[in-house]
Amino acid sequence: MKIAFFISDHGFGHIMRNVAVIKAVKELGHEVVLVTGNRQMAMARQYLAQPVREIVCNTDAGLEVKPGTLSIDTAATIQTVRRHLLSWPKLTAMAKGLRADRFVVDIAPWALEAAREAGTPCILMASFTWLDQYGWFLPEELLARYRKAFEAADAVLMYDLANPPTKTRYPVHTDIGFTARPFHENAVTQIKSRHRRKIVFLSLGGSNMGLDFDINVGGLPYDFISAGALRLKGENVETLDKSVGNSQDYVKAADFCIAKAGWTTVSEIMLAGARAAFLERKDTPEDTMTIAELKRRGAAISITTEDLKDMAKVMERLEHYSRAEQHYRNNYREIARIITG
């Protein structure tokens, strides 16, 4: 069977939650075509042991963020969406020309329409849709275009923590829990062996340029490891090079994680069982709903970007909150079997 994966190139979360699934699909003996952006394809190559057919293109409009913040630039995002909509006919023609047996879409809406036009079965894998993110500021004529596209899914695989609007939009779906790149226990042990104090891992994801202020953590009784985009200052700071391809192992090695609440980062942290603080973004409904559910479960606390300026208080909160003991499974193999079944 030839299976085409259409993965959003907004940040790295979408590709990171799919690479383990794609690898498992390959191991089941199926041909894979991967359609995503250039940077996301480079990341996938680091992980996939067996090559796949690659098609590099701009698959999604995503969100534009104001430099030095995590706030959405709504005017810039509207313009980006308008430009990207102009590319949909060409992208749809490309997808139809693949002659795949099945489309798997996360979460580029034009690929769903392409599947319908080609008569190809398609599966949407989602924790949210762009309708949830764009609904409060995108003009109705643009929202209508997205609404029509997301209606084209034949089947929906819904991740754990999927937001309520997405569950309402797709009442018939299959729950698939969490998925992430597997941890490498040897690497986790090596990371831990380099630190005598508790480890704090920080990540803001790849869909922004970081925050425009320094965060002084010097003198605090922790070792801080940053995946970048945060200006941490102190003798106890390690910043990972962008070439590091196993950030999930740093999550597993950490005692505490501080992160933007993108679904894949949340998934890795939940699977690792680390104590976590997630950054509130009031203009980003996906993050807001994810954090609300995590807090309801007793699985995390929330902080603001302003709170980062006093890391001692953040760490005090992380040390003392009562985290509910919950254990989750990495379901990437089960998801691969559903896709190929």
Side-chain angles (χ1 to χ4, degrees), residues 6-14 37 40 57-89 91-92 105-113 124-153 156 158-159 161-170 204-212 229 259-266 278-295 302-307:
F6 299 85
I7 309 300
S8 174
D9 62 345
H10 178 65
F12 290 95
H14 297 273
Q40 291 72 21
C57 60
N58 177 204
T59 57
D60 235 337
L63 295 166
E64 299 290 349
V65 179
K66 297 175 183 177
T69 77
L70 298 181
S71 300
I72 305 304
D73 187 330
T74 56
T77 300
I78 290 170
Q79 293 306 310
T80 298
V81 168
R82 289 189 187 279
R83 287 194 300 270
H84 199 261
L85 282 167
L86 295 175
S87 71
W88 283 20
L91 291 169
T92 298
V105 180
D106 184 352
I107 55 174
W110 56 268
L112 300 170
E113 285 194 334
L124 173 65
M125 296 174 62
S127 56
F128 74 100
T129 71
W130 289 116
L131 292 168
D132 313 318
Q133 296 280 49
Y134 293 154
W136 64 278
F137 68 89
L138 210 65
E140 175 56 32
E141 73 270 17
L142 303 183
L143 279 176
R145 191 72 186 84
Y146 274 77
R147 195 176 295 114
K148 179 176 180 291
F150 277 112
E151 289 172 354
V156 179
M158 199 164 289
Y159 298 112
L161 298 176
N163 63 40
T166 300
K167 291 180 178 178
T168 299
R169 187 167 291 112
Y170 301 109
L204 288 186
S207 60
N208 62 85
M209 299 174 64
L211 300 176
D212 61 358
K260 186 165 68 69
W263 189 90
T264 298
T265 300
V266 171
F278 292 106
L279 288 161
E280 298 173 357
R281 303 170 72 200
K282 297 301 184 184
D283 59 355
T284 310
E286 179 205 0
D287 290 20
T288 299
M289 288 183 277
T290 296
I291 290 171
E293 175 59 19
L294 289 170
K295 290 167 73 172
S302 66
I303 60 174
T304 67
T305 54
E306 196 67 19
D307 290 332

Answer with yes or no whether the side chains of [Y] and [X] bring together a donor and an acceptor at under 3.5 Å.
| X | Y | value |
| --- | --- | --- |
| T69 | D212 | no |
| D60 | H10 | no |
| S302 | K295 | yes |

Locate the shortest heavy-atom distance separating [X] from [Y]; write the atom from each residue and the value.
| X | Y | value |
| --- | --- | --- |
| A259 | T265 | CB-CG2, 3.6 Å |
| A153 | L124 | CB-CB, 3.9 Å |
| A162 | A126 | CB-O, 4.4 Å |

> Does any N or O in the side chain of D9 come within less than 3.5 Å of the main-chain N or O of T59, such that one atom is a donor and the other an acceptor?
Replying inline: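 Yes; at least one donor-acceptor contact below 3.5 Å.
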> Can you list the steps and then say if W88 with Y146 is a ring pair (Phe, Tyr, Trp, His ring centres under 6.0 Å)?
Replying inline: CA-CA 11 Å; W88 283 20; Y146 274 77; 5.3 Å; yes
>> Other residues, nucleotides and ligands only: do more than 12 of their heavy atoms fall within 6.0 Å of CD on E306?
In response: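 It does not: E306 CD has 12 such atoms or fewer within range.
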Is [Y] close to [X] at the side-chain level, that is, under 4.5 Å between some pair of heavy atoms?
| X | Y | result |
| --- | --- | --- |
| T290 | N163 | no |
| L131 | P165 | no |
| L112 | F6 | no |
| L85 | W110 | no |
| V105 | M125 | no |
| I107 | T129 | no |
| L86 | R82 | no |
| I72 | E64 | no |

Assess whether a salt bridge exists between [X] and [Y], defined as any Lys/Arg side-chain N lying under 4.0 Å from an Asp/Glu carboxylate O.
| X | Y | value |
| --- | --- | --- |
| K148 | E113 | yes |
| E140 | R145 | no |
| K282 | D287 | no |

Could you tell me the separation between the [atom1] atom of [X] and the [atom2] atom of [Y], rounded to the nearest 0.5 Å?
| X | Y | atom1 | atom2 | result |
| --- | --- | --- | --- | --- |
| D283 | S71 | CG | OG | 5.0 Å |
| T166 | F150 | OG1 | CZ | 8.5 Å |
| D307 | L279 | CG | CG | 8.5 Å |
| Q79 | D73 | CD | CG | 10.0 Å |

> Going through the checks in order, is the side chain to side chain contact (heavy atoms under 4.5 Å, CB included) test met by W263 and E286?
Replying inline: CA-CA 9 Å; W263 189 90; E286 179 205 0; 4.1 Å; yes
> Between F12 and T264, is a side chain to side chain contact (heavy atoms under 4.5 Å, CB included) present by the stated rule, with each step listed?
Replying inline: CA-CA 9 Å; F12 290 95; T264 298; over 6 Å; no
> Could you walk me through whether I7 and Q40 pass the side chain to side chain contact (heavy atoms under 4.5 Å, CB included) check?
Replying inline: CA-CA 9 Å; I7 309 300; Q40 291 72 21; over 6 Å; no
> Could you walk me through whether R281 and T288 pass the side chain to side chain donor-acceptor pair (under 3.5 Å) check?
Replying inline: CA-CA 6 Å; R281 303 170 72 200; T288 299; over 6 Å; no
> Any idea how Y134 and W130 line up, ring-wise: parallel (<30°), tilted (30 to 60°), or perpendicular (>60°)?
Replying inline: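 Because their plane-to-plane angle is under 30°, the rings of Y134 and W130 count as parallel.
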>> V266 vs K260, test: side chain to side chain contact (heavy atoms under 4.5 Å, CB included). Steps then yes/no.
In response: CA-CA 8 Å; V266 171; K260 186 165 68 69; over 6 Å; no
> Can you tell which of R169, K167, R147 makes a salt bridge (charged side-chain N to carboxylate O under 4.0 Å, His left out) with D132?
Replying inline: R169
